[in-house]
Amino acid sequence: MSAEQSVILVTGGTGLIGKAIQYVIETEPAGSRFGKKPGETWIFIGQNDGDLKDAESTKKLFEKYKPTHIIHLAALVGGLFKNMKYKLTFLRENMLINDNVLHWAQVFGCKKVVSCLSTCVYPDKVEYPLTEDNIHLGLPHESNFGYAHAKRMVDVMNHAYKEEFGCNFTSAIPTNVFGPADNYDLEGAHVIPALIHKCYLAKKNGTPFVVGGTGKPLRQFIYSRDLAKLFIWELREYDSVEPVILSVGEDEEISIKDVADAIVKAMDFKGEYVWDVSKADGQFRKQASNKKLLSLIGGFEFTPFDKALQESVDWFVANYDTARTGKKTV
Ligand code: NAP
C-alpha cells in the first residue's frame with residue numbers, strides 16, 4: 001500500500017476479528033508497521049450498516065464509502081453444533097455475502113481485497129500439517145460442509161477475478177481465533193468463548209462446569225489481537241492471490257482439555273468440573289503450518305496462550321452485561 005489516500009473498509013468490523021483490528025489500528029503507534037498510516041481512513045461495518053447478503057445493499061455501501069482496500073471478514077460464523085444444524089444456511093448466506101463483496105469490489109475498482117477463509121475449510125482426510133496448497137484436495141468434514149464449501153469458493157473466485165479482470169484479491173486462513181468481544185452465545189459460539197461463558201455461569205450459580213466431548217481433539221488457537229496484526233500485514237505488504245495461513249506454530253497445538261483447564265484457572269473456578277462424553281468431538285485435529293507466513297513477514301511474536309486467555313476471560317467478566325451472550329440463563 002502506498003502513502004496516498006486510502007479508504008480501508010473492514011466488513012465484519014463489529015465482530016471478534018474486526019474489533020481486534022480496530023483495537024490494533026487505534027492502539028499501535030501511528031505510522032508503525034501495524035498502526036494507522038498517514039492518509040488512511042479505516043471504516044468498520046456490521047449488519048446494521050447494510051446486509052451483505054443483498055446485492056443492492058452491498059452496492060450502496062460501496063457508493064457511500066468508496067473503499068480503495070477491503071478486509072472482508074463478514075460471514076455467518078458458528079461453532080460445531082450450529083454448523084451441523086444449519087448446513088444449507090451456512091452455505092447459502094456465505095456464498096451470497098462473498099459474491100456480493102467481491103463483485104462490487106471489482107466493479108468499483110478496489111485496489112486490494114483480503115478475504116477470510118478458515119482452517120475448517122480443509123479436507124477431512126489430508127496430509128498434516130495443512131499448507132496453503134492443499135485446501136481443495138478432498139471433501140471437508142461432514143459437520144461443516146456448508147460453511148467449508150462457501151469459504152473455499154472465495155479462493156476460486158480470487159483466482160478467477162485475477163485471471164479475468166486482473167484484480168488483486170487474496171485471502172487469509174486463520175486457525176481458531178479467540179479474544180475480547182467474541183460471540184459467547186451458547187448455541188453458536190466456538191469452543192473457547194462457549195467454555196468461558198459456561199465456566200462463568202457455573203461459578204456464578206454454584207453449578208458444575210460441564211464440558212462437551214472427550215477433551216482430546218487438538219487445535220491451534222490464535223489470539224485475535226495477534227491475528228489483527230497479521231491481517232494488517234497481509235493487506236499492506238503481501239501481493240499474491242495465493243492464500244496465507246495465519247497461525248501460531250505447528251508445535252503449539254493444545255487439547256480441548258488443556259483449554260478447559262486454562263479457563264478454570266483464569267476464571268478461578270473452584271467448583272465441580274466434569275466431561276459429557278456423549279457430545280460430539282468434531283474433527284480430531286487440523287494442524288496447520290505457519291512456515292509461509294513466517295518466511296514472508298520475517299518473524300512475529302505471538303502472545304503466550306495463557307496471557308491471551310487471561311485477557312479474554314477478564315474482558316468477558318468485565319463486559320458480561322453487554323457481551324454477545326444470547327440467553328444469559330442457559
Ligand atoms: P463474528 O464475531 O461472528 O463476526 C461476524 C461479523 O460478520 C460481524 O461483524 C457481523 O455483523 C458480520 N456479518 C454477518 N452477517 C452479515 C451480513 N449478512 N451482512 C453484513 N455483515 C454481516 O465473527 P469472527 O469470528 O470475527 O469471524 C470473522 C471472519 O473470520 C469470518 O469470515 C470467519 O469465517 C473467519 N474465521 C473465524 C474464526 C474464529 O475462530 N472466530 C476462525 C477462522 C476464520 P454484526 O456484528 O452486525 O452481526
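Everything quoted here is computed from the prediction, not taken from an experiment. Just follow the structure's listing: the first ligand is 1, and inside any ligand the first atom is 1.
Between the side chain of Thr11 and the main chain of Leu73, a donor-acceptor pair closer than 3.5 Å is present. The closest donor-acceptor contact from the side chain of Lys36 to the backbone of Glu40 lies under 3.5 Å.
Not one N or O of Gly46 is nearer than 3.5 Å to an N or O of ligand 1, by distance alone. Below 3.5 Å of separation, one finds an N or O of Leu73 facing an N or O of ligand 1. Polar contact with ligand 1: present for Val177 (N/O pair, distance under 3.5 Å). For ligand 1, one of its N or O atoms has an N or O atom of Gln47 under 3.5 Å away. The N/O atoms of Ile45, backbone and side chain alike, include none that comes under 3.5 Å of an N/O atom in ligand 1. For ligand 1, the polar-atom distance check finds no N/O of Val77 at less than 3.5 Å from any of the ligand's N/O atoms.
The two atoms that bring His72 and Ala74 nearest to each other are CE1-O, 3.4 Å, heavy atoms only. Across Val156 and His136, no two heavy atoms sit closer than the pair CG2-CE1, 3.9 Å. Of all heavy-atom pairs spanning Phe169 and Leu102, the tightest one is CE1-O, 3.7 Å.
Short contacts between ligand 1 and Gly50, defined as distances under 4.0 Å to a heavy atom of the residue, involve ligand atoms 19 (N), 20 (C). The Tyr147 neighbourhood of ligand 1 comprises atoms 33 (C), 34 (O), with distances under 4.0 Å to a heavy atom of that residue. Per-residue contacts place Thr175 under 4.0 angstrom from the following atoms of ligand 1 (heavy atoms of the residue considered): 42 (C), 43 (C). Set against the non-hydrogen atoms of Gly12, the atoms of ligand 1 under 4.0 Å away are 6 (C), 7 (O), 8 (C), 9 (O), 12 (C).
Looking only at atom types and distance, the side chain of Thr214 has a donor-acceptor partner in the side chain of Asp281 under 3.5 Å away. Judged by distance alone, the side chains of Gln310 and Asp314 do bring a donor and an acceptor atom under 3.5 Å apart.
Between Glu311 and Lys307 there is a salt bridge, since at least one side-chain N of the basic residue sits less than 4.0 Å from a carboxylate O of the acidic one. Salt bridge status for Asp261 with Lys265: absent, with no side-chain N to carboxylate O gap under 4.0 Å.
Counting only heavy atoms of the protein, atom 14 (C) of ligand 1 lies nearest to Ala75 O, 3.3 Å. Nearest non-hydrogen protein atom to atom 41 (N) of ligand 1 is His190 CE1, 3.5 Å. Regarding atom 45 (P) of ligand 1, its nearest protein heavy-atom neighbour is Thr14 OG1, 3.3 Å. Of the protein's non-hydrogen atoms, Ile17 CD1, 4.0 Å is the one closest to atom 37 (C) of ligand 1. Closest to atom 4 (O) of ligand 1 among all protein heavy atoms lies Gly15 CA, 3.4 Å. The protein atom (non-hydrogen) at minimum distance from atom 19 (N) of ligand 1 is Leu52 N, 3.0 Å.
Within 6.0 Å of OH in Tyr23 there are 12 or fewer heavy atoms belonging to other residues, nucleotides or ligands. Counted within 6.0 Å of CZ on Arg92, heavy atoms from surrounding residues, nucleotides or ligands total 12 or fewer; the atom is thus considered open.
Aromatic ring centroids of Phe178 and Phe305 lie under 6.0 Å apart.
For the pair Lys151 and ligand 1, a heavy-atom separation below 4.0 Å is found. Not a single heavy atom of Asn183 sits closer than 4.0 Å to an atom of ligand 1. Not a single heavy atom of Ser224 sits less than 4.0 Å from an atom of ligand 1. Distances from ligand 1 to the non-hydrogen atoms of Asp51 include at least one value under 4.0 Å. At least one heavy atom of Arg324 sits closer than 4.0 Å to an atom of ligand 1. Heavy-atom distances between Leu117 and ligand 1 reach below 4.0 Å in at least one pair. Ligand 1 has no atom lying under 4.0 Å from any heavy atom of Phe178. Not a single heavy atom of Asp54 sits less than 4.0 Å from an atom of ligand 1.
By heavy-atom distance, the residue among Ala189, Cys116, Gly18 lying nearest atom 35 (C) of ligand 1 is Cys116.
Here the OG-CD1 distance, from Ser171 to Ile245, works out to 10.5 Å after rounding to the nearest 0.5 Å.
The closest side-chain heavy-atom distance from Asp306 to Pro304 is not below 4.5 Å.
Put simply, the residue from Arg225, Lys37, Lys229 that forms a salt bridge (Lys or Arg N to Asp or Glu O under 4.0 Å) with Glu28 is Lys229.
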